[in-house]
Protein chains: 2
Amino acid sequence: MTRKGPTTVWERFRRFLAGRGLRVTAPRRAIVEAAFATTTHFSADQLLLWARQRDPRVSLATVYRTLGLLVESGLVREIELGGDRKVYDPNVAHRPEHLHLICADCGRIVEFDHDQLGRLLKQVAHELGFEIVSHRLQITARCERLRLTGHCPHHDHHARPSTTRSPRRPEPPHAGA
Amino acid sequence: MTRKGPTTVWERFRRFLAGRGLRVTAPRRAIVEAAFATTTHFSADQLLLWARQRDPRVSLATVYRTLGLLVESGLVREIELGGDRKVYDPNVAHRPEHLHLICADCGRIVEFDHDQLGRLLKQVAHELGFEIVSHRLQITARCERLRLTGHCPHHDHHARPSTTRSPRRPEPPHAGA
DNA sequence: ATAATTGCAAAAGGTTTGCAGGGGT
DNA sequence: ACCCCTGCAAACCTTTTGCAATTAT
């Protein structure tokens, strides 16, 4: 495989900035590096925390502003899974578009690709006379195995009361012990 | 065969209320009747306007509260198409679940069913060990014909986006005197 | 009579923006 | 220097909620 370290992404963002006459700043660097230090979805305020580990002076406003640039540059995708909280996905480079399944039991988000489904989407849009710009598929589902065997392969160790469908706490990026 | 007038829906809601020990009130009636007087998606404040045509005393708070009951009763579906504005769909009774295509050009929402796609969704969830509770598929797409011929078959005379990607610009319908 | 319901207005909660000072080029 | 960027806090916008009065049952 090729090396696809954070440096590459930063370079791409740098070029994006240059092409727009925008400037390279410490906050932007901290935010971008933080964003690509994880492979998970993250929310704006989560990113703020991570970015502040690199540069404590970063503010939430700049996180939002930089996130906007990252989305515009195509390096990050904005996903609206719940209604209240947007999450951002730094995996655009590796996977063009993926689908989301949200467990109604534990709130866990299972991210996956499905070629056949993707092709069908494209075809359906075509039938209607459209060309897909982007799509969002969100399946809310109940874990069959949990019901049948009492054990869910996707279920977290610390079980979460299945009351809410949008857990306020996704999980930390790296299990840092 | 069956009469499917608005009365039926109201009756069903009435029964839902009774079953919960809730009361039948004028605001609720105005709101529910307004909700089912259309076949389109609507937002909460749109519904407020319609409800007020039947009973000017209705407040936005009660619209939201009643909308919650309608969703719980299964008579109306809540859809989050954009991120900021929820829309509600009174067509649940006629079509169990439909998919949404949003035109990137005019903002129009094309609502459709697709058996094959629906089946595939179910199958995909199954492969992952889940049973679908609900799903949301939103395709943002550009009208091919509009680009090729300058004319879009789905383009309305007065394109009225049902609340889509107008973030914070409530543009007035007509520039009045 | 009793308790659910309502309207009002203020609160909430995530995201955006105005402004004056800081900093990249 | 020039003017883009930043942090702070206030503004925004839709949805929710506390409260006292109202009203269905």
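Here is the naming used below: chain letters follow the sequence lines, and residue numbers restart at 1 for every chain. The figures here come from the full heavy-atom set of this structure, side chains too, leaving out hydrogens, waters and symmetry mates.
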Trace of the side chain to side chain contact (heavy atoms under 4.5 Å, CB included) decision for B:I79 with B:K86
CA-CA 6 Å; B:I79 306 171; B:K86 287 177 190 163; over 6 Å; no
Counting only side-chain N and O atoms of A:R57, is one of them less than 4.0 Å from OP1 or OP2 of D:dT6?
no
When the distance from [atom1] of [X] to [atom2] of [N] is rounded to whole Å, what number comes out?
X: B:F42; N: D:dT15; atom1: CZ; atom2: P; value: 12 Å
X: B:L60; N: D:dG18; atom1: CG; atom2: P; value: 17 Å
X: B:L49; N: D:dT14; atom1: CG; atom2: P; value: 13 Å
X: B:Y88; N: D:dT14; atom1: OH; atom2: P; value: 12 Å
X: B:L48; N: D:dT16; atom1: CG; atom2: P; value: 15 Å
X: B:R29; N: C:dT5; atom1: CZ; atom2: P; value: 16 Å
X: A:R14; N: C:dG24; atom1: CZ; atom2: P; value: 12 Å
X: A:D55; N: D:dC5; atom1: CG; atom2: P; value: 17 Å

Nearest 0.5 Å, what's the CG-CZ distance between B:L70 and B:R12?
11.0 Å
Closest listed nucleotide, where the reference is the side chain of B:K86 and the choices are D:dG7, D:dT15, C:dT6
D:dT15
Closest to the side chain of B:A44, out of C:dC8, D:dT15, C:dT6, is D:dT15
Is it true that the side chains of B:H41 and B:Q46 contain a donor and an acceptor less than 3.5 Å apart?
no
Any chance CZ of B:R54 has more than 12 other-residue heavy atoms, nucleotides or ligands included, within less than 6.0 Å?
yes
Just wondering, are more than 12 heavy atoms of other shown residues or ligands nearer than 6.0 Å to CZ in A:R52?
yes
Between B:R28 and B:A61, which has a closest nucleotide on DNA chain C that is more 5'?
B:R28
Heavy atoms within less than 4.0 Å of DNA chain C: which residues of residues 63-73 of chain B have one? Give them sorted by number.
B:R65
Derivation and outcome, side chain to side chain contact (heavy atoms under 4.5 Å, CB included), residues B:F13 and B:L69
CA-CA 9 Å; B:F13 189 60; B:L69 292 174; 3.9 Å; yes
Side-chain ion pair, A:K122 and A:E131, N-O less than 4.0 Å
no
Donor-acceptor contacts, no H, no angles, side chain residues 22-39 of chain B, under 3.5 Å, sequence neighbours left out:
from	atom 1	to	atom 2	distance (Å)
B:T25	OG1	B:R28	N	3.3
B:R28	NH1	B:R23	O	2.7
B:R29	NE	B:E33	OE2	3.2
B:T38	OG1	B:T40	N	3.0
B:T38	OG1	B:T40	OG1	2.9

Got a sec? Which of residues 18-26 of chain B come in under 4.0 Å of DNA chain D, heavy atoms?
B:R23, B:V24
Please name the residue in the list A:E127, A:H126, A:R119 that meets the side chain to side chain donor-acceptor pair (under 3.5 Å) test with A:Q123.
A:E127
